[in-house]
Structures are given as structure tokens and as C-alpha cells.
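One structure below.
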Amino acid sequence: MLTSRNRWQLTIVALVAVIGSLAPVAQETTRLTLPNQKDSVHFAVIGDSGTGGSGQSRVARRLTAMRSSFPFDIVLMLGDNLYGGSSKRDYVRKFEEPYKDLLSANVKFYAALGNHDDGSQVLYKPFNMDGKKYYTFKPPSGSVRFFALDSNYVDKAQLDWLEKELAASGSDWKIMFFHHPLYSSGGRHGSNDSLREQLEPIFVKHGVDVVFAGHDHFYERIKPQQGIYHFVSGGAAKLRTGDIRKTGLTDKGFDRGYHFMLVEVTPKVMYFQVISDTGATVDSGELPRREPAGK
């Protein structure tokens with residue numbers, strides 16, 4: 001039979017257990033591995049980010065914290081920017097609130113459309129799409145040009161636009177970003193072969209250097225394909241644990257936690273660091289820019 005004293009003891013034990021379960025997960029102090037040169041182009045990459053959930057919040061806080069040591073002014077969004085609707089409240093809860101400190105610091109987000117995104121997102125000013133489903137932009141400094149594509153529907157008009165823009169680019173680095181990966185080891189989705197047939201010949205012809213895509217909810221660095229570096233980065237708010245299969249494509253993979261990417265581009269080298277929501281560096285390295293044919 002329980003006495004009043006026993007009951008109080010059990011209550012205290014229960015409270016201690018609850019408090020322990022609410023304690024924050026241990027966080028790592030992240031050491032920046034990038035050279036952080038003054039005149040290089042700094043940017044971040046997030047994919048499949050728009051859930052409004054705890055995973056997105058943790059990644060957003062870590063991403064914001066890293067800006068104090070790596071002052072990026074650009075964030076590439078690889079699609080699925082808003083899951084489950086595009087109401088005013090969705091934009092607030094799934095974008096403006098998680099990234100409010102970055103937005104207040106005038107960091108520019110550039111979005112590509114994913115399969116869960118409403119086409120009206122092109123009109124949302126903070127996504128910097130200027131009403132277009134595919135577009136290009138160049139940072140004020142550095143010889144880098146970014147190209148955002150709509151991989152949901154690639155028609156002749158988009159391909160003709162891409163050919164024209166790549167031919168006229170003149171930039172040392174040509175970086176593509178869109179939602180569906182040309183190469184991926186994902187068990188749920190994997191490589192998009194039909195999209196690759198449409199885009200890869202154009203990328204090769206015009207010397208595209210790097211491709212960032214999302215859709216599969218993990219991180220994967222693909223072995224260079226046709227001289228092009230491919231990254232899958234679809235784990236900024238959603239995670240498909242254990243989804244990376246053995247395909248022979250993977251140089252490095254991470255499907256055990258959320259993540260984002262930090263990238264630095266110099267005239268000859270692109271440096272990258274992939275950081276989990278706990279602060280662990282799960283991949284990093286440097287990739288040389290390939291010399292144009294004839295040089």
C-alpha cells in the first residue's frame with residue numbers, strides 16, 4: 001500500500017524523467033572548413049525545406065548561426081519550398097518565421113519550384129523569381145552565374161531559353177539548381193532519366209560546372225558525371241532515413257539527419273561544407289573548375 005510519502009517520491013521521479021526527456025539534444029560547435037576569402041562568392045543551399053516543423057526550425061537556427069563566421073548573402077532553395085498549401089499563413093510559418101533573422105539581414109533567397117509547390121510562388125517577392133518559373137542571376141562580385149530551372153515541366157521554350165542564356169553567359173562558373181536530380185541513389189525516387197536526356201547534353205555542350213537538386217530527402221555527392229559535379233540536397237526539413245542505395249554513383253552520402261550546405265566559389269575552386277542540424281560536418285571538400293576545351 002502506497003503511503004503519502006511514497007506517492008510524493010514517485011511523483012518526483014516521474015517529474016525528473018519528464019524533464020530529462022525534454023532536455024535539448026547535445027549540439028556540436030561547428031568548425032568552418034571553408035577558406036572564407038573576402039572576394040569569393042558565398043552562398044548556402046537548402047532543399048525540401050518548407051514543412052514548418054521542428055526539423056526545419058533546427059536547420060534554420062544552425063544555418064543562421066553559421067552566417068556569423070561565413071557571411072553568405074545568397075540561399076538557393078531547391079524546391080518543395082512550401083508543403084501543404086500556399087496561403088499567407090503558409091508563407092509565414094514555413095518561410096518567414098524560420099528564416100526571419102536571415103531575411104532581416106538582407107540575405108536573398110532564390111527559389112526553384114518542386115513538385116509540391118504551387119506555381120503562384122513565382123510571384124512571392126522574397127523568393128526572387130520575378131514571376132518566372134526559370135530564370136538566371138549573377139552575384140555582384142565573382143564570375144559566377146546561377147540558373148534556376150523548372151524541372152516539373154521542361155518544354156522546348158525552356159530548353160531554348162537555357163541554350164541561349166548559357167551561350168551568352170560568359171561566366172567562369174555556371175551553376176544549375178532545380179528540384180528533380182539527374183543522378184541520385186535514392187530508393188524512393190532516384191535518378192530522373194528522362195530529365196537527364198533533355199538537360200545533360202546542353203549542360204555538357206555549354207560547360208556547366210555544378211548541379212544542385214533536391215527531391216530525395218538526404219544528402220548525396222555524386223561522382224562527377226560528364227565532367228559535371230552533382231549534389232542532391234533534399235534534407236533541410238524532411239528526412240528519408242536509410243534511403244541511399246548502393247548504385248555506384250555515391251562519393252559521399254548522409255541519410256541519418258537533416259542538413260544544409262555552405263558553398264564558396266573562387267575563380268578556380270569551389271569549396272563546400274555540409275552541416276547537420278546538430279552541427280556535425282558530414283561532408284566537405286574542394287572541387288576544381290574544369291578548364292574550357294582548347295585552353
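Quick note: residue numbers are just sequence positions, from 1.
With hydrogens and angles disregarded, a donor-acceptor distance shorter than 3.5 Å links the side chain of D255 to the backbone of I244. Here the side chain of S151 pairs a donor or acceptor atom with the backbone of H180 at under 3.5 angstrom. S49 places no side-chain N or O within donor-acceptor distance of the main-chain N or O of A236, the cut-off being under 3.5 Å. Under the 3.5 Å distance criterion, the side-chain polar atoms of N192 are left unmatched by any main-chain donor or acceptor of L182.
Side-chain contact between V154 and L162 is absent, with no heavy-atom pair separated by less than 4.5 Å.
Between E163 and K156 there is no salt bridge, since none of the side-chain N atoms of the basic residue sits less than 4.0 Å from a carboxylate O of the acidic one. For the pair K238 and D216, the salt-bridge criterion is not met [side-chain N within less than 4.0 Å of a carboxylate O].
The distance from atom CD of E286 to atom CD of Q273, rounded to the nearest 0.5 Å, is 13.0 Å. Separation of atoms CG (D90) and NZ (K88) is listed at 12.5 Å; rounding is to 0.5 Å. The CG atom of L103 lies 5.0 Å from the CZ atom of F109; values are rounded to the nearest 0.5 Å. Atom CG of D209 is separated from atom CD1 of I228 by 8.0 Å, given to the nearest 0.5 angstrom. Residue H215 holds its NE2 atom at 7.5 Å from NE2 of H116, rounded to the nearest 0.5 Å.
Side chains of D80 and Y83: a donor on one and an acceptor on the other come within 3.5 Å. Residues D130 and Y135 have side chains that never bring a donor and an acceptor to within less than 3.5 angstrom of each other.
Cation-pi geometry between R196 and Y183 is satisfied (NZ or CZ under 6.0 Å from the ring centre, within 45° of the ring normal).
Taking the six-membered ring for Trp and thresholds of 30 and 60 degrees, F127 and Y124 have ring planes more than 60 degrees apart, a perpendicular arrangement. Note on ring orientation: taking the six-membered ring where Trp is involved, the planes of F43 and F146 are perpendicular (angle over 60°, cut-offs 30° and 60°). Ring geometry for F231 against F272 counts as perpendicular: the plane angle is over 60°, on a 0 to 90° scale with 30° as the lower cut. Ring orientation note: the planes of F178 and F203 are tilted relative to one another, at an angle of 30° to 60°.
In terms of hydrophobic clustering, with Ile, Leu, Val, Met, Phe, Trp and Tyr side chains grouped at heavy-atom distances under 4.5 Å, V122 and L149 are assigned to different clusters. Both V274 and Y229 belong to a single network of hydrophobic side chains, linked directly or stepwise wherever heavy atoms of I, L, V, M, F, W or Y lie under 4.5 Å apart.
Exactly one of M176, Q225, R221, E220 qualifies for a side chain to side chain contact (heavy atoms under 4.5 Å, CB included) with H230. That residue is Q225.
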